[in-house]
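Below you'll find the structure, written out as structure tokens, and then a few comments.
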Amino acid sequence: MSISLNEPFILGSERDLIAEALAGGTSGNGVFTNRCQDHLQKSLGVPRVLLTTSCTSALEMATILTGVGPGDEVILPSFTFSSTANAVVLRNAVPVFVDIRPDTLNIDERLIEAAITPKTKAIIVVHYAGVACNMDSILSLADRYSLPVIEDAAQAFGSSYKGRPLGTFGTLGCLSFHETKNVISGEGGALIVNDESLIDRAEIIWEKGTDRLKFKRGVVSKYEWVDVGSSFLPNEITAAFLYAQLEGAPAITSRRRAIWDRYHAGLAALERQGLLMRPSVPIDCEGNGHIYFILAPDRQTKERWLKVFSVADVGAVSHYVPLHSAPAGRRFGITRGSMSITDDTFDRLIRLPMHARLSDEEVDIVLRMIEELVGQSAIALP
Ligand SMILES: *Cc1c(COP(=O)(O)O)cnc(C)c1O
């Protein structure tokens, strides 16, 4: 028996649409790209979405668009993927790491203000595991200091905060369609442009710094190099893959939520007994079942449990060596305030198998393994 951490969910309809793309021209910004963008603009209720080759590219576009430059500081959590910070470092700016909340593991909104200096240029928030940051507090603080907010919503497609999709709150939002996410195109992403005043420039940066889009629309008679930019847009094969997945997204999300709920119900008693901790989702947040994690009592116990899972061929893993303690984080970044929750989370967090092909029986096998593990665990939570 083997239970994997993650498996891509291929619907079957991808094949036909990819064949259609092959027949119709495969370079970027064609029929399927536009279909995906229209779909996302409608479903998210936003003025402009641009497909990108990855969420990493979308984050890089976002730091260019918000004017992050040499010596500037950008506030972000340390408990995230390298791409969130690379987008800052590539602008020769400094990532300023702030601690996370112990419940959602998202940036602690109460610690952001103390990290702001005259050099602060933007705030990047990450919706870990597809559960929203406290956007009301973050947006009102950002507003008081006139700072743009970039949402790294890589894990959050299909999630909402107070009924509105994540990625639509900040100045800009960034989605990932990487194979390990809920809805996929192999590699892929999107930039959500919520601030209409940034649309023109976003389109130019997206098209290698040219006004090619204006030319295609017949607004200008030739296109030329007008600004910085790069090769941020995906090919049509990727967009065709994504379009099929977008159509299947509601079904994928609902299956993942059901698995998430099954883990959560199955572990409630163990949490009550103080043997482990479960994720905590604030009432104004609806998740997308992207990640289910548990927090072991301490690092030693986590490592012992991970070993047992690994021997049993169950894909349970830890997550994120905190960026502030990673080699590049120490070289490029700075911390403001204590990082104790971030460090403690890395010490204790275990992600459990989570994907839309996981059966109820497999979830129950994992649950029974955890019951056995905590039965053997001498140390309870404080
Ligand atoms: C996956 C992920 C990314 C990177 O997404 P890609 O599409 O692979 O570039 C960035 N940030 C977070 C929080 C992620 O989980």
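Ligands are counted one by one from 1 in listed order, and the atoms in each one are counted from 1 as well.
- With no hydrogens or angles considered, a side-chain donor-acceptor pair links E236 and T33 at under 3.5 Å.
- Distances between N or O atoms of Q155 and those of ligand 1 include at least one value under 3.5 Å.
- Listed for the N106 side chain is a donor-acceptor partner under 3.5 Å among the backbone atoms of Y128.
- Those atoms of ligand 1 that come under 4.0 Å of a heavy atom in V126, given as number and element, are 13 (C).
- An N or O contact shorter than 3.5 Å links C55 to ligand 1 by distance.
- Between the E151 side chain and the G173 main chain, no donor and acceptor come within less than 3.5 Å of each other.
- Under a 4.0 Å N-O distance rule, the pair E203/R217 qualifies as a salt bridge.
- The shortest N or O to N or O distance between S83 and ligand 1 is not under 3.5 Å.
- Of all the atoms in ligand 1, the ones that sit under 4.0 Å from a non-hydrogen atom of H178 are 7 (O), 8 (O).
- Listed by atom number, the atoms of ligand 1 under 4.0 Å from K181 heavy atoms are 1 (C), 2 (C), 14 (C), 15 (O).
- Checked by atom type, the side-chain pair E73/T117 shows a donor-acceptor distance below 3.5 Å.
- When heavy-atom distances to ligand 1 are checked against a 4.0 Å cut-off, A154 comes that close only through its side chain, counted from C-beta outward.
- Using modelled atom types, one side-chain atom of T345 and one backbone atom of I341 make a donor-acceptor pair closer than 3.5 Å.
- The closest side-chain heavy-atom distance from L191 to F232 is not below 4.5 Å.
- Remark: ligand 1 atoms within the under-4.0 Å shell around heavy atoms of F81 are 3 (C), 4 (C), 10 (C), 11 (N), 12 (C).
- Heavy-atom proximity to G188, at under 4.0 Å, picks out these atoms of ligand 1: 7 (O).
- A side-chain donor from one of T301 and D298 sits under 3.5 Å from a side-chain acceptor of the other.
- Residue T56 touches ligand 1 through backbone and side chain together, judged by heavy-atom distances below 4.0 Å.
- In terms of protein heavy-atom proximity, atom 11 (N) of ligand 1 is closest to D152 OD2, 2.8 Å.
- By the 4.0 Å N-to-carboxylate-O rule, R35 lies close enough to E20 to be salt-bridged with it.
- On a distance-only criterion, T80 and ligand 1 share no N/O pair closer than 3.5 Å.
- Of the heavy atoms in F79, none comes closer than 4.0 Å to ligand 1.
- Compare A153, S176, A156, S82 by their heavy atoms: the one nearest to atom 7 (O) of ligand 1 is in S176.
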